[in-house]
Amino acid sequence: MANQKQPLNDFQLTLNKDAVKQGRSFKSMLESSSAYAGDDVYWRLSGEDISQADVGGGKLQGQATLKKDGSYRHIFEIAPNNDKTKNASLQVSYFLDSKFKTELASESIEVIAKYIDPSSESGKPWAFNSARMHVKENVAVQCVIQNGEIGKNFFYKLSGQGIDKNDFDLSYARMSGKGKIAPSGSAQIPLMVRADNKTEGPEEVTVTIYKDKSYKKKLNSVSIPIHDTSIETPEQGPTKSKQPSGNQPVWSDKDDKGTWFTLSPSRTEIKENTSTRTRIDSNNKGGTVLYYKVGGKGIDKNDFDLAYARTSGEVVINSNGAAFIPHLLRNDNKTEGVEELEISLYRDKKFKKQVASTKVPILDTSTETPGTSPTKSPNSSGKQQQWGGGVLRGSWFTLSPSRSEYQRGEQVSTRIDSDSLPGEILDWKLSGPGISSNDLDQSSDGGGLTGKTEIAKNGFSLIQHVFKSDNTTNSNTEITIDLFRKNSNVKLASTTFPLIATPAEALPNKTSIEEGKSMKFKVFTRGVPEGENVYWDVTGLNITDGDFVTPRSGVTTQDFTQKFQVTFEAAKDLLTEGTELFKLNLYTDPGRTNLIGSSENISILDTSTTPQQTYNLLSSAETVQEGKGFKMKVKTKNIDPGQIVYWKGFGPAADARVAYFEDTGLTYGTASLDLEGKVILQFKTNKNSMTSSSALFNFALFETSNYITPISETASIAVLAN
């Protein structure tokens, strides 16, 4: 996988069903971040009594490629295997490697055998089913007997590979026990699975009911897969289940006051800005009011949004023996580390008669800085409501982003929790500073600025968005999602999260280089989709093509990583040029007009010394008799052969035209240097033209043909009269 990615625990796996019948299918959705776009993952199906004959196509493992947003969806077909005589737990797992050593995410689903489809057993004597098709640790499950003989006792026993008493909270059903069929013909056996800090992998508990206490006359059985969420560490080893004092109850059907209650959080751990719904299960007939309070090290009211459940309150059990307590954790800008939330349930207002308790870790995502001090939770006006079970249309709703922040280009998943019964239709709205529909990729699975969602089983629903990649926005944007009643302005819930800007970046590995040395830029263009081109060039102060050995411009086609590298080598040009600066510019068009980013300036340290150019002049003699000729010799150093030089004679002999250039008769002209950078000029003198006994002829070279700026010293010769 590519470097600089999110932690592996960023992967989330969701199955759209708890159970699937033979001959049917189910959908799995693996989610991560766009940092994993285009990476390969490996899936595997496993489980006791699971074989190739149980799945469509006979494949128990395979390879998949993550989409641009880091997600992958797969539909698994379950074969109509009529030979299966019992239900089986199917484990769906995704791995980082093809050897299936590094697990990314895993979930289980119950495969319902045609032979014992629970829906076909409802009319049979001693029908026996579980309220959940599979169960996680720290969650309760009820095993329900129907059509039993009224008033008759029955006996049960728990079994299964790796199953022992430490897997269960013994305040509820233990490894064996007794029950009695109520006048309704039913009875319930409550199991509370413990988080035992023992990494065991998939487990399955089988509950068998018998007619006799010798466990010889079997009546029925049910098997429940257990999803092991414990992580055993050197610091925290396995824990044992406490043995309660006294005998366990004789389990039966519902009771006016309830003889047992369980608390099950909807999450195994809670992040800030995320909700948790703690479910109460019981054998209460309904109407009983209980009291809860929350505590734990470092836990106070500022950890919670007080518009929902506070640190204490009331809850009323519904006719199904259930109720929910909703807590919404706040980003309080207070760095506290891992905290543990403990929720306790009591029969009395003074919190003396405890009937249940549970714990769940809180992952602290706040960072306290001098500029962001801890914040307090605003007090909610009025008395909080009495929490209850599932109700038509729902009485409360929460919104929870699946992560604390997102980048542009990633899929955003916002979860709805509620006490609503399935089928409720809600409206939602997304907003943020400068955000329009153009910011959203509506061709994908993501939504627009508004939409609708339907509450599914367990009061859940999901809102998804994909924000388009963007290389021009340099600052983060706070996104808000609001939830409303259908066709109404009545706001039910709201949440915010930062959308992290992804501007194009060109990061140099050096801030200066010497001539003849090289350096490189790491370029990140997360806003340019895979397959499109990024154009680049170099501009700066005193920069020319001759300053580089490598090209000054180019184009790169984006791959799935959305990053590339450009290397430059500075030329050792032997020219003293002084300060030179350059920067790398990034564009999305071949004309290089749509600039999406630039690097900082890089200095070229000018280590070249330009060779000094010299001109030496020499006359053939110090004096010459009038009527005779003489020569002027030019010798140069570090001057290219063939270069033209401008020469001129001056002084009394030149002014009176006593001496002049033999070829032209002039006292000025040009000459071309030979291969050695030299030239010899022949001059003549007139006879009997002197007006004095001697006259000087001076000779020099000049920069241009205007003969103003000399570039050499002066050579002289004296012309003597006869």
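Computed from a predicted structure; not experimentally measured.
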Note: Asp427-Lys486 ion pair, threshold 4.0 Å (strictly below): no
Test side chain to side chain contact (heavy atoms under 4.5 Å, CB included) on Phe26 and Asn16; report intermediate values, then the result. CA-CA 6 Å; Phe26 68 93; Asn16 69 329; 3.6 Å; yes
Where is the tightest heavy-atom contact between Leu392 and Leu421, given as atom of each residue plus distance? N-CD1, 3.7 Å
Should Pro498 and Glu478 count as side-chain neighbours, where that means a heavy-atom distance under 4.5 Å? no
Got a salt bridge between Asp281 and Arg279, using NZ or NE/NH1/NH2 to carboxylate O under 4.0 Å? yes
Could you tell me whether Lys17 and Glu107 have a side-chain N and a carboxylate O separated by less than 4.0 Å? no
For a quick test of reading the model, state the closest non-hydrogen atom pair linking Gln91 to Ser108 and the distance between them. OE1-CB, 3.2 Å
For Phe484 and Val490, run side chain to side chain contact (heavy atoms under 4.5 Å, CB included): C-alpha distance rounded to whole Å, both residues' side-chain angles, the deciding distance at 0.1 Å, then the answer. CA-CA 5 Å; Phe484 303 88; Val490 178; 5.9 Å; no
Please confirm whether the backbone N or O of Phe397 pairs with a side-chain atom of Tyr308, one donor and one acceptor, at under 3.5 Å? yes
Is the shortest heavy-atom distance from the side chain of Ser264 to the side chain of Met192 under 4.5 Å? yes
Least distance between heavy atoms, Leu15 atom then Ser28 atom: CD2-CB, 3.5 Å
Could you tell me whether a side-chain N or O of Arg277 sits under 3.5 Å from a main-chain N or O of Ser418, the two making a donor and an acceptor? yes
Applying side chain to side chain contact (heavy atoms under 4.5 Å, CB included) between Ile416 and each of Leu483, Leu462, Thr398, Leu492, report the one that passes. Leu483
Could you tell me whether the side chain of Val294 reaches within less than 4.5 Å of the side chain of Ile325, counting heavy atoms only? no
Arg415 to Phe460, cation-pi by 6.0 Å centre distance and 45° axis angle: yes
With rounding to the nearest 0.5 Å, note down the distance linking CG in Asp169 to OG1 in Thr262. 9.5 Å
Applying salt bridge (charged side-chain N to carboxylate O under 4.0 Å, His left out) as the test, list every pair that has at least one member in residues 371-398; sequence neighbours left out. Arg393-Glu424
Could you label the plane-to-plane angle of the Trp43 and Phe76 rings as parallel, tilted or perpendicular, counting under 30° as parallel and over 60° as perpendicular? perpendicular
Leu66 versus Leu30: any side-chain heavy-atom pair under 4.5 Å? yes
Are Val205 and Asp167 packed together at the side-chain level, in the sense that at least one heavy-atom pair is separated by less than 4.5 angstrom? no
Between Phe560 and Gly38, which heavy-atom pair has the shortest distance, and what is it? CD1-CA, 4.0 Å
Taken in chain and number order and not counting sequence neighbours, the residues that satisfy side chain to side chain donor-acceptor pair (under 3.5 Å) with Thr414 are none
Asn302 and Ser377 side chains, donor-acceptor separation under 3.5 Å: no
Can you find a pair of side-chain heavy atoms, one from Lys27 and one from Val20, that are under 4.5 Å apart? no
Taking Asp419 for the side chain and Trp396 for the main chain, is one N or O donor matched with an acceptor at less than 3.5 Å? yes
Once side chain to side chain donor-acceptor pair (under 3.5 Å) is applied, do any residues pair with Ser461, and if so which ones, sequence neighbours excluded? Thr453
For the ring pair Tyr346 and Phe351, is the centre-to-centre distance below 6.0 Å? yes
Side-chain donor/acceptor of Asn197 to backbone N/O of Thr239, under 3.5 Å: no
Measuring from Tyr36:OH to Ser71:OG, what's the distance to the nearest 0.5 Å? 14.0 Å
So, taking the atom named OG1 in Thr496 and the one named CG in Leu399, what distance separates them when rounded to the nearest 0.5 Å? 10.5 Å
Side chain to side chain contact (heavy atoms under 4.5 Å, CB included) with Tyr94: which of Phe11, Tyr72, Phe100? Tyr72
Any chance you could measure Leu60, atom CG, to Ile50, atom CD1, to the nearest 0.5 Å? 8.5 Å
Can you list everything that forms a side chain to side chain donor-acceptor pair (under 3.5 Å) with Thr65? Sequence neighbours excluded, please. Asp40
Pairing residues for Asn438 by the side chain to side chain contact (heavy atoms under 4.5 Å, CB included) criterion, not counting sequence neighbours: Ser436
Quick one: are Phe304 and Leu329 in side-chain contact, heavy atoms under 4.5 Å? yes
Under the 3.5 angstrom rule, does the side chain of His465 hit a backbone N or O of Gly448 as a donor-acceptor pair? yes
Nearest 0.5 angstrom please: Ser312 OG to Ile343 CD1, how far? 12.5 Å
Residue pair Arg330, Thr375: steps toward the side chain to side chain contact (heavy atoms under 4.5 Å, CB included) verdict: CA-CA 9 Å; Arg330 296 179 60 245; Thr375 61; 2.8 Å; yes
Looking only at heavy atoms, which two atoms of Leu426 and Arg485 are closest? And how far apart? CD2-CA, 4.3 Å
State, without any angle test, whether Asn87 and Ser223 hold a side-chain donor-acceptor pair at a distance under 3.5 Å. no
What closest approach, in Å, do Gly390 and Asn318 show between heavy atoms, and which atom pair accounts for it? N-ND2, 3.7 Å
Check whether any side-chain N or O of His327 sits under 3.5 Å from a backbone N or O of Arg310 as a donor-acceptor pair, and report yes or no. yes
Between CD1 on residue Ile362 and CZ on residue Arg267, distance to nearest 0.5 Å: 12.5 Å
Between Glu342 and Ser357, do the side chains contain an N or O donor and an N or O acceptor separated by less than 3.5 Å? yes
Got Pro238 and Asp196 here, is their nearest side-chain heavy-atom distance under 4.5 Å? no
Under 3.5 Å donor-acceptor, Arg132 side chain and Ala140 backbone: yes
Between Gln61 (side chain) and Ser46 (backbone), is there a donor-acceptor pair under 3.5 Å? no
Side-chain (Ser344) to main-chain (Lys293) donor-acceptor, under 3.5 angstrom: no
Would you please test Val193 and Val139 for side chain to side chain contact (heavy atoms under 4.5 Å, CB included) and show each step? CA-CA 6 Å; Val193 183; Val139 173; 5.9 Å; no
Step through the shown structure and confirm whether more than 12 heavy atoms of other residues, nucleotides or ligands are within 6.0 Å of NZ on Lys297. no
Please identify each residue that fulfils side chain to side chain donor-acceptor pair (under 3.5 Å) with Ser89, with sequence neighbours left out. none
Indicate yes or no for a side-chain donor-acceptor contact from Asp228 to the backbone of Glu200 under 3.5 Å, with no hydrogens or angles considered. yes
